[in-house]
Chemist: 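To start, I am sharing the structure in question, which I have written as structure tokens.
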Amino acid sequence: DADAVGMFGMSRIGVLLPHTLSGGGKVALNRCIRQIHSEPLLLNGIPFEFRMAGVHSQFDLAKTPDIKVFVEALLNELMSLEVRLKNIQAVM
């Protein structure tokens, strides 16, 4: 029952916080986004600005009876967010 971080493909990272209340998960997501956007990351002395977006979801046994179904639902939310962001970028 420890916190866990994992990658889904090349550009998706998932964080599971099993003992965190719903509001705490959203706070953690927002804190990560603020930290990543706060200053460039230096790689070999070259500054890189990263942008990220994320979704927050709560495990609901009625809707997602096991972790596999939960992760699939979460990945679907991420893909939906990705489509919305690409649409916004296309308009700009």
Side-chain angles (χ1 to χ4, degrees):
D1 286 348
D3 296 347
V5 177
M7 288 194 70
F8 302 98
M10 295 297 294
S11 62
R12 293 182 181 103
I13 298 172
V15 179
L16 298 176
L17 307 170
H19 297 290
T20 304
L21 299 176
S22 179
K26 196 165 200 165
V27 168
L29 172 63
N30 290 334
R31 186 178 328 125
C32 288
I33 291 172
R34 274 194 314 273
Q35 183 64 36
I36 287 171
H37 292 175
S38 69
E39 59 187 66
L41 176 67
L42 291 176
L43 297 173
N44 294 326
I46 301 169
F48 288 90
E49 287 190 14
F50 287 89
R51 293 289 175 235
M52 74 170 266
V55 295
H56 164 267
S57 188
Q58 185 172 343
F59 184 79
D60 181 347
L61 192 56
K63 294 179 185 176
T64 51
D66 59 46
I67 193 67
K68 183 178 178 182
V69 175
F70 174 68
V71 169
E72 287 173 1
L74 196 53
L75 287 175
N76 286 335
E77 287 184 47
L78 282 170
M79 286 188 281
S80 177
L81 175 63
E82 185 177 0
V83 168
R84 290 191 311 269
L85 290 172
K86 285 181 181 181
N87 288 338
I88 290 169
Q89 288 175 345
V91 171
M92 300 176 101

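None of these values were measured; they are calculated from a predicted model.
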Chemist: Give the minimum heavy-atom separation between Leu16 and Pro18, together with the two atoms involved.
Modeler: O-CD, 3.4 Å

Chemist: Between Glu49 and Arg51, is a salt bridge (Lys or Arg N to Asp or Glu O under 4.0 Å) present by the stated rule, with each step listed?
Modeler: CA-CA 7 Å; Glu49 287 190 14; Arg51 293 289 175 235; 3.6 Å; yes

Chemist: Would you please name every residue forming a side-chain contact (heavy atoms from CB on, under 4.5 Å) with Asn76, sequence neighbours left out?
Modeler: Met79

Chemist: Does some side-chain heavy atom of Ile13 sit less than 4.5 Å from a side-chain heavy atom of Val5?
Modeler: yes

Chemist: Indicate the atoms forming the closest heavy-atom contact of Leu85 with Ala53, along with that distance.
Modeler: CD1-CB, 3.6 Å

Chemist: Kindly give the heavy-atom pair with the smallest separation between Thr20 and Gly25, and that separation in Å.
Modeler: CG2-N, 3.5 Å

Chemist: Is the shortest side-chain heavy-atom distance between Ile88 and Val91 below 4.5 Å?
Modeler: no

Chemist: I'd like to know if the side chain of Arg34 pairs up with that of Ser38 as donor and acceptor (distance under 3.5 Å, no hydrogens or angles considered).
Modeler: no

Chemist: Return the set of residues passing side-chain contact (heavy atoms from CB on, under 4.5 Å) with Met52 (not counting sequence neighbours), or none when no residue passes.
Modeler: Leu29, Ile33, Ile36, His37

Chemist: Just wondering, are more than 12 heavy atoms of other shown residues or ligands nearer than 6.0 Å to CG in Leu41?
Modeler: yes

Chemist: Would you give me the side-chain donor-acceptor pairs under 3.5 Å for residues 65-72, sequence neighbours excluded?
Modeler:
residue: Asp66; atom: OD1; partner: Lys68; partner atom: N; Å: 3.0
residue: Asp66; atom: OD1; partner: Val69; partner atom: N; Å: 2.9

Chemist: Which pair of non-hydrogen atoms, one from Leu74 and one from Ser57, has the smallest distance, and what is that distance?
Modeler: CD1-CB, 3.5 Å

Chemist: What pair of heavy atoms forms the shortest contact from Pro47 to Pro40, and how long is it?
Modeler: CB-CB, 3.8 Å

Chemist: Show the nearest heavy-atom pair for residues Ala28 and Leu17, with the distance to one decimal.
Modeler: CB-CD1, 4.0 Å

Chemist: Within this structure, what is the CD-NZ distance for the pair Gln58 and Lys63, rounded to the nearest 0.5 Å?
Modeler: 9.5 Å

